[in-house]
Amino acid sequence: MTETASISIDGKTHEFPVITGTENEKAIDISKLRDQTGAITLDPGFKNTGATQSAVTFLDGEKGILRYRGYPIEQLAEQSTFLEVAYLLIYGELPSATVLEEFRKKIDRHTLIHEDMKKFFDGFPSKSHPMGQLSCLVGALSAFYPESLDPNPTEEEEDLTIVKLLAKMPTIVSWIYKKSLGHPVMYPRNGLNFVHNFLNMTFGQITEDVEIEPEVVSAMHKLLILHADHEQNCSTSTVRIVGSSNANLYASISAGISALWGPLHGGANQAVIEMLENIKNDGGDSAKWLAKAKDKNDPFRLMGFGHRVYKNFDPRAKIIKKACDDVLERLGINDPVLDIAKELEEAALKDQYFVDRKLYPNVDFYSGIIYRALGFPTDMFTVLFALGRLPGWIAQWKEMRANKEPIGRPRQVYTGSVIRDYVSIEKR
Ligand code: SDX
């Protein structure tokens, strides 16, 4: 017997089926609501609206739970590698050692980008934001791989497009960074693991071999794993809705990169460091800035705090905060903004305004401090978020396609003028 929910409108009561997920989340299936009642629902920001049924990631905002394909991120962050997590998210299962090695070799074969793409890099002003470059360059990949435009690819053709994008993203990201410095780009070195190869292209020098500390490689794996997916967030929903029009993978991911750029979303990791630097330069009075964050007449918000879903702690923030201490200690770095961040967190968690609104540090609050310690400039932080989130975006896009979901097209409530006749300009 299917559980139902009743909605009464215009004196009539209608029954709608209730769907229960594998973690006992409930949803009212309103796909027939307008046909049955003539009414639609209204939910700005989709705070109460499910767009899909997905098997990729489960999170529980009240309990601070985050799992990729059922595996807790605490275990994956400690024991897995980014490429293995990418495989898990995209194909649904942890690979055997043989399958993972085959996957790595497939990736290795596609890490180069077409030499003509260098013209795109040369076209950007030297100080242009890396996220704008990344969105453009990923979208431009479709120009070099026109077969990716086929809206009905075979499974092998779709998989090749997925592998190409996964393989080329680290090369594109590292080249954006090298170009920003006016340095010569580094080419991928097959045989290095995915993350080490990325770090070598980013921090390596063509004039001499540069040793990438194992601590840096390990911290990067952890950060990328923690950013790899997060169910139906703003940028993932963007990837899904763009992909739902049968737009190719590169165009869909390019759109997701643009959505992630916003400071309320992935752009927050850059905004957090800029905020902490401002507070430091302003004398480090965290109480003053906390008061500004609470003042409705002040546009200042405590960046890296609050979350649409996590109304308890963000499990990623806890892991990143600990990694912050470990990495900075191992690298012998003392970053004063880390102390300011900890002071802000401690004060906010005791402040009624933040407690009442269930505002806790999110994934972006501490991540920038580690990125900076690893040697990345602030404007590269959100690009690193995108590099981490890529497998999640791909997994969600692939699932949306495999489930043959309809093109996304929300309805609206019209609040404009009722009908009126055109008046010629002479009579106005
Ligand atoms: C990410 O969705 C995801 O999963 C995203 C993400 C992912 O992995 O994909 O987790 C990554 O985007 C993390 C969030 C990064 N953004 C920031 O750190 C920016 C600062 N935080 C916010 O602006 C805000 O908290 C959001 C955008 C994250 C959530 O916004 P909501 O859910 O729309 O909540 P809201 O803006 O309606 O806030 C509710 C109340 C409001 O006060 P009242 O009107 O009730 O009095 O809380 C206040 C807000 O003013 N509030 C804050 C605040 N965040 C919310 N007040 C001060 N500082 C803040 N940071």
Side-chain angles (χ1 to χ4, degrees), residues 54-57 67-73 75-114 138 141 144-145 147-148 150 153-174 187-202 212 214 217-230 236 239 243 248-250 252-253 256 384-402:
S54 175
V56 178
T57 290
R67 301 185 197 129
Y68 298 156
R69 301 284 188 182
Y71 295 96
I73 49 139
Q75 295 177 22
L76 293 172
E78 279 310 309
Q79 304 172 51
S80 187
T81 64
F82 179 58
L83 194 62
E84 183 177 77
V85 167
Y87 185 95
L88 169 67
L89 284 168
I90 294 168
Y91 302 106
E93 297 296 336
L94 282 172
S96 67
T98 310
V99 168
L100 183 59
E101 182 55 14
E102 284 163 9
F103 186 54
R104 196 188 62 73
K105 285 180 179 154
K106 259 181 19 178
I107 293 279
D108 269 356
R109 270 203 303 279
H110 296 284
T111 49
L112 287 172
I113 58 178
H114 196 292
V138 167
L141 284 171
F144 296 90
Y145 305 104
E147 66 280 7
S148 65
D150 179 356
T154 63
E155 197 171 329
E156 291 70 27
E157 288 164 343
E158 182 184 270
D159 196 56
L160 181 57
T161 299
I162 287 171
V163 166
K164 281 179 178 175
L165 181 51
L166 271 174
K168 297 176 194 306
M169 191 77 150
T171 309
I172 291 173
V173 169
S174 65
Y187 282 83
R189 279 180 40 199
N190 292 346
L192 288 179
N193 81 45
F194 188 86
V195 170
H196 194 165
N197 202 2
F198 165 63
L199 292 168
N200 188 57
M201 288 189 281
T202 304
I212 308 284
V217 178
S218 164
M220 204 65 221
H221 272 285
K222 187 171 285 187
L223 283 163
L224 293 173
I225 288 170
L226 291 170
H227 285 83
D229 193 52
H230 213 242
T236 300
V239 169
N248 63 84
L249 179 64
Y250 301 125
S252 305
I253 300 299
L384 296 171
F385 192 142
L387 179 62
R389 184 55 51 90
L390 180 62
W393 283 334
I394 291 172
Q396 300 273 350
W397 182 88
K398 180 177 162 76
E399 180 181 68
M400 176 273 303
R401 281 289 176 84

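Quantities reported herein were computed from a predicted structural model and do not represent experimental measurements.
Distance alone, capped at 3.5 Å, places no donor-acceptor pair between the S218 side chain and the P214 backbone. No donor-acceptor pair closer than 3.5 Å links the side chain of R69 to the backbone N or O of E93. A side-chain donor-acceptor contact under 3.5 Å links T171 to the backbone of T111. N197 contributes a side-chain N or O that, together with a main-chain N or O of R189, makes up a donor-acceptor pair within less than 3.5 Å. Proximity of a side-chain donor or acceptor of H227 to a complementary backbone N or O of L223 within less than 3.5 Å is detected.
Side-chain atoms of T98 and E101 form no donor-acceptor pair, as typed in the model, at a separation below 3.5 Å. Remark: the T57 side chain and the D229 side chain contain an N/O donor-acceptor pair separated by less than 3.5 Å. Y91 and D159 share a side-chain donor-acceptor pair at under 3.5 Å. With 3.5 Å as the limit, one finds a donor-acceptor pair spanning the side chains of S54 and E399.
For L160, the side chain to side chain contact (heavy atoms under 4.5 Å, CB included) test picks out H110, K164, with sequence neighbours left out.
When all heavy atoms of I225 and Y68 are compared, the pair lying nearest together is O-OH, 2.7 Å. When all heavy atoms of A77 and L226 are compared, the pair lying nearest together is CB-CD2, 4.0 Å. N248 and S148 get closest at one heavy-atom pair: CB-O, 3.2 Å. Considering all non-hydrogen atoms of both residues, L165 and I394 come closest at CD2-CD1, 4.4 Å. Shortest non-hydrogen contact noted between L89 and A228 is CD1-CB, 3.5 Å. The minimum heavy-atom distance between V138 and Y250, with the atom names listed, is O-CB, 3.3 Å.
Note that CG of L390 is 5.0 Å distant from CG of L166, once rounded to the nearest 0.5 Å. Taking CG of L249 as the start and CZ of R401 as the end, the distance is 8.0 Å to the nearest 0.5 Å. Annotation: the span from E156 atom CD to E158 atom CD amounts to 10.0 Å, rounded to 0.5 Å. Rounded to the nearest 0.5 Å, atoms NZ (K398) and OG1 (T161) are 11.0 Å apart. Atom CD1 of I90 is separated from atom CH2 of W397 by 11.0 Å, given to the nearest 0.5 angstrom. Taking CG of L112 as the reference point, atom CG of N190 lies at 7.5 Å (rounded to 0.5 Å).
Taking a cutoff of 4.0 Å between a charged side-chain nitrogen and a carboxylate oxygen, K105 and E102 do not qualify as a salt bridge.
No side-chain heavy atom of H230 sits under 4.5 Å from any side-chain heavy atom of T236. Within the 4.5 Å cutoff, no side-chain heavy atoms of R67 are placed close to those of I73. Between L76 and L88, the closest side-chain pair of non-hydrogen atoms falls below 4.5 Å. Residues K168 and Y145 meet the side-chain proximity criterion, which asks for heavy atoms closer than 4.5 Å. Using a 4.5 Å heavy-atom threshold, the side chains of F194 and P170 count as touching.
Checked against F198 for a side-chain contact (heavy atoms from CB on, under 4.5 Å), the options L384, V217, I212 give a single hit: L384.
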What pairs of donor and acceptor atoms, side-chain ones from residues 78-85 against any protein atom, are under 3.5 angstrom apart with sequence neighbours left out?
from : atom 1 : to   : atom 2 : distance (Å)
E78  : OE2    : K222 : NZ     : 2.8
S80  : OG     : E84  : OE1    : 2.5
T81  : OG1    : E84  : N      : 3.2

